[in-house]
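Here is the naming used below: chain letters follow the sequence lines, and residue numbers restart at 1 for every chain.
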Amino acid sequence: GENVEQHPSTLSVQEGDSAVIKCTYSDSASNYFPWYKQELGKRPQLIIDIRSNVGEKKDQRIAVTLNKTAKHFSLHITETQPEDSAVYFCAASSETSYDKVIFGPGTSLSVIP
Amino acid sequence: NAGVTQTPKFRILKIGQSMTLQCTQDMNHNYMYWYRQDPGMGLKLIYYSVGAGITDKGEVPNGYNVSRSTTEDFPLRLELAAPSQTSVYFCASRNQGTGLSEQFFGPGTRLTVL
């Protein structure tokens, strides 16, 4: 089955700097890659997603890139703000696996004012 | 639209007890999922369902059972609770009818087994 790895597990950046989180997946059939943000004590919420027919997607300060050949995808946050502090999860999903959504272990991002 | 709701919010069980975690969604989503999240860890898929009457195992199904008799409800049953099942449980739903799409999560149930 699908296995998703995520690095780093913790990340501290100064406010205004960029943050990059990287994920790899094992199932070449995976074709949907969402990113979720989870604040302390809250439920995960989608911040951006990308499909396998797209190499890059951007939404304001957040961007995601996908390299299907290497089976990895990355989240980029620019101009970080204290409210970006949270745990970020990547995930992978495949229609051929009945849409099981498998999550990475998460990255705890701290933005230092 | 309430989205995905879960009950109870918190529960303490004794070892060997059983309970059912309730999950309901009012978005007419066909896909539903149960995850557990251990402290400081990621989300592990327990069971999922692609429609009423159809369920399948995820990554960590042992010790759990599910049923899906309606589109709206997807209860998770714990039999013979063990301390290893102490976790936060999230239910999620997704509308596959529009293609690959986001999951909407419920607020979670925090379960402690003592």
Trainee: For a 4.5 angstrom cut-off between non-hydrogen side-chain atoms, does B:Asp56 reach B:Tyr48?
Mentor: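 The answer is yes, as the side chains (C-beta and beyond) meet within the 4.5 Å cut-off.
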Trainee: Just jot down the ring-ring contact (aromatic ring centres under 6.0 Å, His included) partners of A:Phe33, sequence neighbours excluded, or say none.
Mentor: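 Scan of A:Phe33 (ring-ring contact (aromatic ring centres under 6.0 Å, His included), adjacent residues dropped) gives A:Tyr25, A:Phe73.
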Trainee: When you measure from the side chain of A:Thr80 to the backbone of A:Gln14, do you find a donor-acceptor pair of N or O atoms at a distance under 3.5 Å?
Mentor: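 A pair under 3.5 Å: yes.
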Trainee: Side chain from CB out, backbone as N, CA, C, O: work out which of these in B:Phe105 comes under 4.5 Å of a heavy atom of chain A, or both, or neither.
Mentor: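 Both backbone and side chain.
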Trainee: For B:Gln37, is it the side chain, the backbone, both or neither that has a heavy atom under 4.5 Å from a heavy atom of chain A?
Mentor: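 It is the side chain, since no backbone atom gets that close.
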Trainee: With only heavy atoms counted, which part of B:Leu45 is less than 4.5 Å from chain A, the side chain, the backbone, both or neither?
Mentor: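 Interface part for B:Leu45: side chain.
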Trainee: What residues of residues 71-80 of chain B sit under 4.5 Å from chain A when you count only heavy atoms?
Mentor: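 The residues closer than 4.5 Å to chain A amount to none at all.
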Trainee: Relative to chain B, which segment of A:Gln38 carries a heavy atom at a distance below 4.5 Å: side chain, backbone, both, or neither?
Mentor: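 Contact with chain B: side chain only.
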Trainee: For the pair B:Phe104 and B:His29, name the ring-plane relationship: parallel under 30°, tilted 30 to 60°, perpendicular over 60°.
Mentor: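 Rings of B:Phe104 and B:His29: tilted, 30 to 60°.
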Trainee: Look at the rings of B:Tyr33 and B:Tyr35 and say which category their plane angle falls in: under 30° parallel, 30 to 60° tilted, over 60° perpendicular.
Mentor: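 B:Tyr33 and B:Tyr35: parallel rings.
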Trainee: Between A:Pro34 and chain B, which part of the residue has a heavy atom less than 4.5 Å away: side chain, backbone, both or neither?
Mentor: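 For A:Pro34, there is no contact with chain B at all, as no heavy atom is under 4.5 Å.
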Trainee: Strictly distance-based, threshold 3.5 Å: is any side-chain N or O of A:Ser108 a donor or acceptor partner for the main-chain N or O of A:Thr10?
Mentor: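 No.
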Trainee: Which residue pairs pass the disulfide (SG to SG under 2.5 Å) test with at least one member in residues 3-84 of chain B, sequence neighbours excluded?
Mentor: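 Listed by first then second residue: B:Cys23-B:Cys91.
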Trainee: Please identify, among B:Gly106, B:Ala92, B:Gly40, B:Gly108, the residue contributing the most non-hydrogen atom pairs under 4.5 Å to chain A.
Mentor: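 Of the candidates given, the most pairs with chain A belong to B:Gly106.
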Trainee: If a pair satisfies ring pair (Phe, Tyr, Trp, His ring centres under 6.0 Å) and one of its residues is in residues 48-69 of chain A, list it, with sequence neighbours excluded.
Mentor: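 Every pair satisfying ring pair (Phe, Tyr, Trp, His ring centres under 6.0 Å) with a residue in residues 48-69 of chain A: there are none.
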Trainee: Are side-chain heavy atoms of B:Thr55 and B:Ser67 found at a separation under 4.5 Å?
Mentor: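 The answer is no, as the side chains (C-beta and beyond) never meet within the 4.5 Å cut-off.
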